[in-house]
Amino acid sequence: MGVYEVIQNRRTIRRFEQTSLSIVQLRKYVDAARLAPSGANLQPLKYVIVHSTEMVNRMFERVRWAAYIAPDGTPELGERPTAYIAQIVNLEIKKSGYELDAGAAMENILLAAEEDGVGACWMGAIDYAGISEMLRLKEEEKLVSVVALGMKAEQPVEEAWQGDVKYYKDENGTLHVPKRPLDEVILGEM
Ligand SMILES: Cc1cc2nc3c(=O)[nH]c(=O)nc-3n(C[C@H](O)[C@H](O)[C@H](O)COP(=O)(O)O)c2cc1C
């Protein structure tokens, strides 16, 4: 699969098979993040791989799923993520303006996972204080976001735009994700 095809196929996954991902595979996704572009090449981002059963369960209690369709988007027992990667910024390396670095690096994780057929959900609606404590982050280490990972147990689809940003599940439980059309997002061609 070429990169463009990976980009087209990637959808946020919130239901997972319970086969675990190897630490080698999880480290590969952090490596993809490590290689992302970084303003002034400061590379202020760090990562914690969460993959033990105990820590994965504790993480699940501290993240919120699919606000538009809550509680229907929350994975049931037996379809929850099998790993998480927490993205952290070291404020001693960069105090502000790291958000673009963070976005580029997280997208690299999502795309590298997608290429392997691994599902991912980037999560910002999280208990920042609770997760920071759980990961024993130091004062200069600030949690940016987390990504939930696991083998896919669903395949959401891109939806033709009908004027609403809200994703929804159809009668078969398939998630439909509306995307604004190309001609709406191109402001000009000069
Ligand atoms: C910065 C950011 C934060 C997000 N936070 C959450 C979250 O907390 N919980 C969740 O279920 N999905 C979260 N998502 C996933 C979005 O809901 C999802 O990307 C969006 O609905 C579009 O779907 P797609 O990723 O399949 O294109 C987040 C996505 C981004 C980019």
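Every value quoted in this text rests on a predicted model; they were computed, and no experiment measured them. Each ligand, and each atom within it, is numbered from 1 in the order the structure gives. Note that the numbering runs from 1 along the sequence shown for the chain.
Counting heavy atoms from C-beta on, the side chains of L21 and M151 come closer than 4.5 Å. Considering only heavy atoms from C-beta on, L111 comes within 4.5 Å of R10 through its side chain. Using a 4.5 Å cut-off on side-chain heavy atoms (C-beta onward), L175 and R14 make contact.
The protein atom (non-hydrogen) at minimum distance from atom 6 (C) of ligand 1 is W122 O, 3.1 Å. Taking atom 9 (N) of ligand 1 as the reference point, the nearest protein heavy-atom neighbour is R64 O, 2.9 Å. Of the protein's non-hydrogen atoms, the one nearest atom 16 (C) of ligand 1 is R14 NH2, 3.8 Å. Atom 8 (O) of ligand 1 has its closest protein heavy atom at A125 N, 2.8 Å. The protein atom (non-hydrogen) at minimum distance from atom 26 (O) of ligand 1 is T12 N, 2.7 Å.
Considering every non-hydrogen atom in both G73 and A66, the closest pair reads CA-CB, 3.8 Å. Scanning all heavy atoms of the two residues, the minimum distance from F16 to A153 falls at C-CB, 3.5 Å.
Summarising the geometry, atom CD belonging to E184 is positioned 9.5 Å from atom CG belonging to L187; distances are rounded to the nearest 0.5 Å. One distance of note links CD1 of I69 with OH of Y167; it measures 6.0 Å at 0.5 Å rounding. In this structure, CG in D116 is found 9.0 Å from CE in M1, a value given to the nearest 0.5 Å. Within the model, atoms CG of L26 and CG of L149 stand 6.5 Å from one another, a figure rounded to the nearest 0.5 Å.
When distances from atom 20 (C) of ligand 1 to the protein are checked, no heavy atom turns up under 4.0 Å.
Short contacts between ligand 1 and R11, defined as distances under 4.0 Å to a heavy atom of the residue, involve ligand atoms 24 (P), 26 (O), 27 (O). Below 4.0 Å from some heavy atom of C121 lie the following atoms of ligand 1, by number and element: 10 (C), 11 (O), 12 (N). Per-residue contacts place G124 under 4.0 angstrom from the following atoms of ligand 1 (heavy atoms of the residue considered): 3 (C), 4 (C), 5 (N), 6 (C), 7 (C), 8 (O). With ligand atoms numbered from 1 in the order given, ligand 1 contributes 17 (O), 21 (O) to contacts under 4.0 Å with heavy atoms of Y167. Every atom of ligand 1 with a heavy atom of V177 under 4.0 Å away is listed here by number and element: 22 (C), 23 (O). Residue M123 has at least one heavy-atom neighbour below 4.0 Å for each of these atoms of ligand 1: 5 (N), 6 (C), 7 (C), 8 (O), 9 (N). Atom numbering of ligand 1 starts at 1 in the shown order; those under 4.0 Å from a heavy atom of W65 are 11 (O).
The closest approach between a heavy atom of A66 and any atom of ligand 1 is below 4.0 Å. Taking a 4.0 Å cut-off on heavy atoms, R10 registers as neighbouring ligand 1. Ligand 1 has K179 within reach: a non-hydrogen atom of the residue lies less than 4.0 Å from it.
Judged purely by atom type and a 3.5 angstrom limit, S132 uses its side chain to pair as donor or acceptor with the backbone of Y128.
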